[in-house]
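Accompanying notes for the structure given below.
Per chain, numbering begins at 1; letters A, B, ... match sequence-line order.
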There are 2 protein chains.
Amino acid sequence: MTKTIVRFGLLIVALFCLLAISKYWWISGDLSVELILSILALVFFWIGVWISKQNAVKQQNNSIVLDALKGKEIGLTTRELEVLSAMSAGASNKEIGEQLFVSESTVKTHVSNILVKLNAKRRTQAISLARELQLLKK
Amino acid sequence: MTKTIVRFGLLIVALFCLLAISKYWWISGDLSVELILSILALVFFWIGVWISKQNAVKQQNNSIVLDALKGKEIGLTTRELEVLSAMSAGASNKEIGEQLFVSESTVKTHVSNILVKLNAKRRTQAISLARELQLLKK
DNA sequence: ATTAATTTGGTACTTTAGTATGAGTCTCAA
DNA sequence: TTGAGACTCATACTAAAGTACCAAATTAAT
């Protein structure tokens, strides 16, 4: 959470700098209007892309990417999404626990909650449903 | 693919319109520079977010398709591929047996053989590996 | 500041999953 | 026709997975 605040803080600072520079260019008349607007558009476009990507939970180990925003819509918590991701990579409860530094009991609790939220009977079905819901991407 | 092209086409048209409007505003002096730049920045920011999301969500089809030829290359038999397919859809051994009109014991045998052939410890891992091997599509 | 939600973890239990082993049937090619 | 491979099924077992409780610590939100 703190990370997010810092990230957005830096972002806003950067935005103000860019706006200030844009205005300076505009007043001094060094650059054409089209160019200034284009640069501004491009920069903000990429910032949008970047922010959007930051919101995706990425698992480095098996390259399975999860749509965190979509997950939240469905009602899955951050931790549950992490468990779901590891689960879909084929990890056992014990292995998931080791990966996330929690006990197997905790993982079982998370898995149970995931099954209820996705209305699945088994973990394999949960994975299948998550894929149908476009929650898991490859 | 066609969809993507259409989408980007519309996007580019929209961008040009916006740039033109921005320039008009700038020349006519109806709005302040800050406002114009801010609006432009905001719009492009959201376009960036939108594009990023569109690129993330690609898979529409959820039906499980299996590459039988590829499966045979790996050494999986026809029946094993059928079991693997049902397995990846989230079915239990019992349910797979009902689907294929065989006993649960038979399914267990098939599953065990699949695990050996794919070098997997669990069925979830087998599904994950099958996906990596492009054996399971979508 | 105080609810509300999340995360963590435990015990005890039932249900599935998976292994090991053996064996019968069927098909197809040598 | 004989043997290999595929498919079938069973028993007995061990290992995971999953459920149903409970409870505490942490974090987010109002």
query: Are the side chain of B/Arg122 and the backbone of A/Gly90 linked by a donor-acceptor contact shorter than 3.5 Å?
result: yes

message: List the residues meeting salt bridge (charged side-chain N to carboxylate O under 4.0 Å, His left out) with A/Lys94, not counting sequence neighbours, and say none if there are none.
response: none

- prompt: Would you say A/Ser88's side chain and A/Ser85's backbone share a donor-acceptor pair under 3.5 angstrom?
  reply: yes

message: Measuring to OP1 and OP2 of C/dT6, would you say a side-chain N or O of A/His110 lies under 4.0 angstrom away?
response: no

message: On DNA chain D, compare the nucleotides closest to A/Lys108 and B/Lys108; which residue's is nearer the 5' end?
response: B/Lys108

message: Using OP1 and OP2 only, check whether a side-chain N or O of B/Thr77 sits under 4.0 Å from D/dG5.
response: no

- request: Mind calculating the distance between CD1 (A/Ile127) and C1' (C/dA17) to the nearest angstrom?
  value: 14 Å

message: Let me spell it out: for each of B/Thr109 and B/Thr124, pick the nucleotide of DNA chain C with the closest heavy atom. Which residue's pick is nearer the 5' end?
response: B/Thr124

message: Could you tell me how far apart A/Lys121 (NZ) and D/dT19 (C1') are, to the nearest whole angstrom?
response: 15 Å

message: In whole Å, I'd like the distance from the NZ atom of B/Lys94 to the P atom of D/dC9.
response: 15 Å

message: Need one value for A/Ser112: base, sugar-phosphate or nothing, where a base atom within 4.0 Å counts as base even if backbone is also close, heavy atoms only.
response: base

- prompt: OP1, OP2 of D/dA16 versus side-chain N and O of B/Arg122: anything below 4.0 Å?
  reply: no

A/Thr106 side-chain N/O to C/dG9 phosphate OP1/OP2 under 4.0 Å: yes

query: Between the side chain of B/Glu80 and the main-chain N/O of B/Leu76, is any donor-acceptor distance below 3.5 Å?
result: no

message: Output the rounded distance in Å from CD1 (A/Ile96) to C1' (D/dA17).
response: 11 Å

- prompt: When all nucleic acid strands are considered with a 4.0 Å heavy-atom cut-off, which category describes A/Ser92: base, sugar-phosphate, or nothing?
  reply: sugar-phosphate

Between D/dC7 (C1') and B/Glu80 (CD): distance, integer Å: 10 Å

query: To the nearest Å, how far apart are A/Leu84 CG and D/dG18 C1'?
result: 16 Å

- request: Check whether any side-chain nitrogen or oxygen of A/Asn93 sits under 4.0 Å from OP1 or OP2 of D/dA17, and answer yes or no.
  value: yes

task: Report the distance from atom CD of B/Glu82 to atom C1' of D/dA6, rounded to the nearest whole Å.
output: 12 Å

- request: Among the candidates D/dT8, D/dG18, C/dT19, find the nucleotide nearest to the side-chain atoms of B/Leu115.
  value: C/dT19

message: I want to check something: taking the side chain as every heavy atom from C-beta on, are A/Arg79 and A/Val102 in contact at a cut-off of under 4.5 Å?
response: yes

- line: Rounded to whole Å, the CD1-C1' distance (A/Ile114 to C/dT8) equals 15 Å

- request: Report yes if at least one side-chain N or O of A/Ser105 is closer than 4.0 Å to OP1 or OP2 of C/dG9; otherwise report no.
  value: no

